[in-house]
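A short worksheet on the structure shown next.
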Amino acid sequence: MSEGSVKKAAELLRQGAVMLTDSCPICNYPLFRTKSGDVVCPTHGKVYLVKNDEEEARVKRDIALDSTESILIDGLFTVAKKVKDDPMDTDAIVQVIRYLDAIERLRKINPKQHQ
Ligand SMILES: [Zn+2]
């Protein structure tokens, strides 16, 4: 337990986080639930608590969907820059639309991030 972790824990509490009875699987320090509902370790940041296989599968699915979303957003940003360079680049515009469509679909199956 470093001094930084103690400071971070105090900061979490000040922000309204609640200390949990569960502890971090890595460092064993008590975990906190933030106001936004994330479970965090003062040292390791966001932690996923799983109580059974079903929950583990769900968490893995969420992580996969979240990383897919960030890949799509990166792609969207790349093609959006092409449109900025050449507003008449219709291929790029079509790609922007496809990325937006894909992101929208992804958010439909992964709604928890966008309430
Ligand atoms: Zn930890």
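All ligand and atom numbering here is 1-based and tracks the order in the structure.
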Can you list everything that forms a side-chain contact (heavy atoms from CB on, under 4.5 Å) with Leu65? Sequence neighbours excluded, please.
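Per chain and number, Leu65 pairs via side-chain contact (heavy atoms from CB on, under 4.5 Å) with Arg61, Leu106, Ile109, Asn110.
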Between Glu3 and Lys7 (salt bridge meaning N to carboxylate O under 4.0 Å), is one present in this structure?
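Looking at Glu3 and Lys7, the cut-off is met.
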Salt-bridge present (Glu54, Arg58; N to O < 4.0 Å)
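Salt bridge absent between Glu54 and Arg58.
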Under 2.8 Å from the Zn ion (ligand 1), which protein N, O or S atoms are there? Could you list them by chain and number?
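Near the Zn ion (ligand 1), below 2.8 Å, one finds Cys24 SG, Cys27 SG, Cys41 SG, His44 ND1.
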Locate the shortest heavy-atom distance separating Ser5 from Thr43; write the atom from each residue and the value.
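Looking at all heavy atoms of both residues, the shortest contact is OG-OG1, 2.6 Å.
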Considering only heavy atoms from C-beta outward, does the side chain of Val83 approach that of Asp89 to under 4.5 Å?
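No, their side chains stay 4.5 Å or more apart.
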Going hydrophobic residue to hydrophobic residue with side-chain gaps under 4.5 angstrom, can you get from Val59 over to Val39?
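Val59 and Val39: separate clusters.
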